[in-house]
Protein chains: 2
Amino acid sequence: MGLQTDLREKLISDYAKLSPQMQKAARYILDHPNDVALRSMRALARAANVPPSTVTRLMTAIGVETWQDFRDHYQTRLLDQPASYARRARETQKTDNDVDRDQHLLESICRTEIDNVSDAYSPDLVSRMIATCEAIENARQVFIVGRGAAYPAAFQFAYAYRLFCDNGVLVDGHSGTFGDELRGIGRRDIMIAVGAKPYIRDTVRAVEFAHSQHCPVIAVTDSDVSPIATDAHSKLVVRDTSQSFFQSFTAALSVMQALVALLVARGGPKALQRIAAAEEQLAVFDTYLED
Amino acid sequence: MGLQTDLREKLISDYAKLSPQMQKAARYILDHPNDVALRSMRALARAANVPPSTVTRLMTAIGVETWQDFRDHYQTRLLDQPASYARRARETQKTDNDVDRDQHLLESICRTEIDNVSDAYSPDLVSRMIATCEAIENARQVFIVGRGAAYPAAFQFAYAYRLFCDNGVLVDGHSGTFGDELRGIGRRDIMIAVGAKPYIRDTVRAVEFAHSQHCPVIAVTDSDVSPIATDAHSKLVVRDTSQSFFQSFTAALSVMQALVALLVARGGPKALQRIAAAEEQLAVFDTYLED
DNA sequence: AGAGGTGCGAAACATATGTTTCGTACCTTT
DNA sequence: AAAGGTACGAAACATATGTTTCGCACCTCT
């Protein structure tokens, strides 16, 4: 487990001590690391011109229990961001002690959350976020929709956005007024809709209404085929993997915050001035505690 | 390249025409493309919670002869990706200076966010979170307070918590009723207060009121000496470093979610039953979109 | 020369995999 | 109510996979 110093190094250092046939196998593996990740053991053996048993023997020779372990190692190596956390999580759940179990759960949650966040800043998502900013900057009004568990992410954006732009509208009707804020929405506006499975009807309806009014929609959601992402002008698909029954909105929140940061950075000094003005105004309302 | 129209696009465009079960499979594939490259068809089917036959049927439905072909496509996609990273980086550095600056900002935000999150799961915080759970489990009522930018984190917890416990109260008075919910708070209750600098007066007042009524407070905040953490029963100090004028509540949100996950895990089957009941109730209200 | 040891590949083994088949449940449509 | 049609999962199927076993060939060392 934790002792897994890089197997590639191990293979190189032990190379001299291996039998000729094993060297042949080891050499092929060193030359074609991706084959380990992607092909089967027998297929690799065939490619290396070695019987399967040699490969198994090689495994034991370098102190690896099973081919699975070896393959897993190379698979996670191939993905710069290891995704095999889920499996490890399942393993750790088997521990018996209570506090121990809690600790393991939290560790596993930590890894998952980091995965979720780093995935949200992949090159693809980054360029989409930049494009999204341009769309927001050119919009007349910016409608932000998020219901249920997605509400925090929507709120976060709306709250921060309003500090430097006054054309942001958070669509969160109370007392059954949801949707009222959408009156007048049109092709020159933009809607940012946040939502993951299970999709809340209100959100989907809002998106559909936006489309019917020819208003482009930016979808912050969990899948390319989520009902929110359908016909979206831009899709920001973020991971929401979670150890609990509840999807994680950490990455979504992070993305929303990043959008704000980007908008401010692109807005330059003008944006900062507006923020200062907003804070002054809040001071008048005695919102903050003084130091 | 001729026949290699991107299978991912094909999957998205045909999605609506697929049968429900195939959609389930297609969706899992869209959300976990690497699983196609690295795992077996049966393993993927298991992960997608679909019988193997559905995956085969999906293959024929989208016009792919065999699973091998499909897998090959995703494997080459996986291998080509690192190359496109570098290419895009080079392109953008030469052509567009503005985009480059944006990308760097986002990369830096990414690192910061990951730092914030991983810091929130330090051994110290982990044990505090476990202790916090015990306190919550023993409380009569659980009051959750968070104003302004901290509201999302508070809301997130309250929303999820209420799905399996009915003694949670989100203190978010609208129309000037903030604080009304605190009536009757006492020593057997507990308050979870979320807030970072600048501290919002309402939150601090709520915490002070809780103390005056001998109600223990759990502080999710940015410093050991934050006004919210003063005299707290338990302090969950999370980082909120950010590149923008605005603090990041990503880590705070993550911690709140983790608390929920922990409470559910410790609650065992009973908690799960309650969640099921809550979801049924939401179904009655027609909240969710059906699949 | 023979005993003991090592390296090796063919084959055997149990299991997993990709695909097809088949019966049933659930729809419309008449 | 009956007929036709689609969607679906369980099981059956042949094949492929990872691992172990077995016996042979080739070494050394006395």
Side-chain angles (χ1 to χ4, degrees), chain A residues 4 7 10-11 14-29 32-78 84 86-87 90-91 225, chain B residues 7 10-11 14-29 32-76 78 290-291:
Chain A
Q4 293 221 1
L7 290 181
K10 175 83 175 158
L11 222 43
D14 288 11
Y15 188 80
K17 296 175 183 176
L18 296 172
S19 78
Q21 282 297 96
M22 287 192 194
Q23 286 191 354
K24 207 166 153 189
R27 166 158 195 154
Y28 185 89
I29 288 169
H32 306 82
N34 288 337
D35 277 27
V36 178
L38 300 176
R39 309 184 63 191
S40 78
M41 191 220 88
R42 276 181 120 104
L44 181 124
R46 241 168 305 158
N49 212 359
V50 164
S53 31
T54 299
V55 179
T56 329
R57 283 198 263 263
L58 177 61
M59 294 299 100
T60 62
I62 61 169
V64 175
E65 281 286 321
T66 161
W67 167 258
Q68 266 298 355
D69 296 349
F70 196 70
R71 153 179 272 240
D72 285 354
H73 187 89
Y74 274 77
Q75 288 197 342
T76 53
R77 244 181 81 98
L78 181 61
S84 69
R87 193 178 310 148
R90 259 174 259 131
E91 285 169 11
V225 291
Chain B
L7 291 182
K10 175 84 176 159
L11 224 43
D14 287 10
Y15 187 79
K17 296 175 183 174
L18 296 172
S19 79
Q21 282 297 98
M22 287 193 198
Q23 286 192 353
K24 210 166 152 189
R27 175 171 174 143
Y28 185 89
I29 288 169
H32 306 83
N34 288 337
D35 277 27
V36 178
L38 300 177
R39 309 182 63 190
S40 76
M41 190 223 88
R42 277 182 120 105
L44 181 123
R46 242 169 305 158
N49 212 359
V50 165
S53 30
T54 298
V55 179
T56 326
R57 282 198 264 261
L58 177 63
M59 293 302 98
T60 62
I62 61 169
V64 175
E65 280 287 321
T66 161
W67 167 258
Q68 269 295 358
D69 296 349
F70 196 69
R71 156 179 269 241
D72 287 353
H73 186 89
Y74 274 79
Q75 289 196 342
T76 54
L78 182 63
E290 302 139 35
D291 288 320

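These values consider heavy atoms only, across backbone and side chains, with no hydrogens, waters or symmetry-generated copies. A note on names: the letters A, B, ... follow the listed sequences, proteins ahead of strands, and every chain is numbered from 1. Because the structure is predicted, anything quoted here is derived from the model rather than measured.
- Atom CG in B:L58 sits roughly 14 Å away from atom C1' in C:dT19 (whole-Å rounding).
- With sequence neighbours excluded, the residues forming a salt bridge (Lys or Arg N to Asp or Glu O under 4.0 Å) with A:D35 are A:R39, listed by chain and number.
- For the segment residues 47-56 of chain B, residues with any heavy atom less than 4.0 angstrom from an atom of DNA chain C are, sorted by number, B:P52, B:S53, B:T56.
- Side-chain atoms of A:Q75 come within 3.5 Å of backbone N or O of B:L38 as a donor-acceptor pair.
- Looking at B:R71, its side chain has no donor and acceptor atom pair within 3.5 Å of the base of C:dG18.
- Judged as a salt bridge (charged side-chain N to carboxylate O under 4.0 Å, His left out), not a single pair has a partner in residues 42-62 of chain B (not counting sequence neighbours).
- Regarding contacts with the backbone of D:dG18, every side-chain N or O of A:T66 stays at 4.0 angstrom or more from both OP1 and OP2.
- In this structure, the salt bridge (Lys or Arg N to Asp or Glu O under 4.0 Å) partners of B:R27, at least two apart in sequence or on a different chain, are A:D222, B:D31.
- In this structure, CE of B:M59 is placed 16 Å from C1' of C:dT20, rounded to the nearest angstrom.
- Partners of A:A48 according to the side chain to side chain contact (heavy atoms under 4.5 Å, CB included) rule, which considers only residues two or more places apart in sequence or in another chain, are A:Y28, A:V50.
- Within residues 32-46 of chain A, the residues that place at least one heavy atom under 4.0 Å from DNA chain D are, in residue-number order, A:S40, A:M41, A:R42, A:R46.
- Evaluation of the ring-ring contact (aromatic ring centres under 6.0 Å, His included) test over residues 37-61 of chain B, restricted to residues two or more places apart or in two chains, returns none.
- Near-neighbour residues of DNA chain C inside residues 14-25 of chain A, defined by a heavy atom below 4.0 Å, number-ordered: A:S19, A:P20, A:Q21.
- Atom CZ in B:R57 sits roughly 11 Å away from atom C1' in C:dT19 (whole-Å rounding).
- In this structure, the CD atom of B:Q68 is 13 Å from the P atom of C:dT17, given to the nearest Å.
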Can you tabulate the close N/O pairs, meaning under 3.5 Å, that link protein atoms to atoms of nucleotides 24-27 of chain D?
none

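- Residue pairs meeting the ring-ring contact (aromatic ring centres under 6.0 Å, His included) criterion with at least one member in residues 36-68 of chain A, sequence neighbours excluded, are A:W67-A:F70.
- Taking A:D14 as the reference, A:K10 meet the salt bridge (Lys or Arg N to Asp or Glu O under 4.0 Å) condition, with sequence neighbours excluded.
- Under the side chain to side chain contact (heavy atoms under 4.5 Å, CB included) criterion, B:N49 pairs with B:K24, not counting sequence neighbours.
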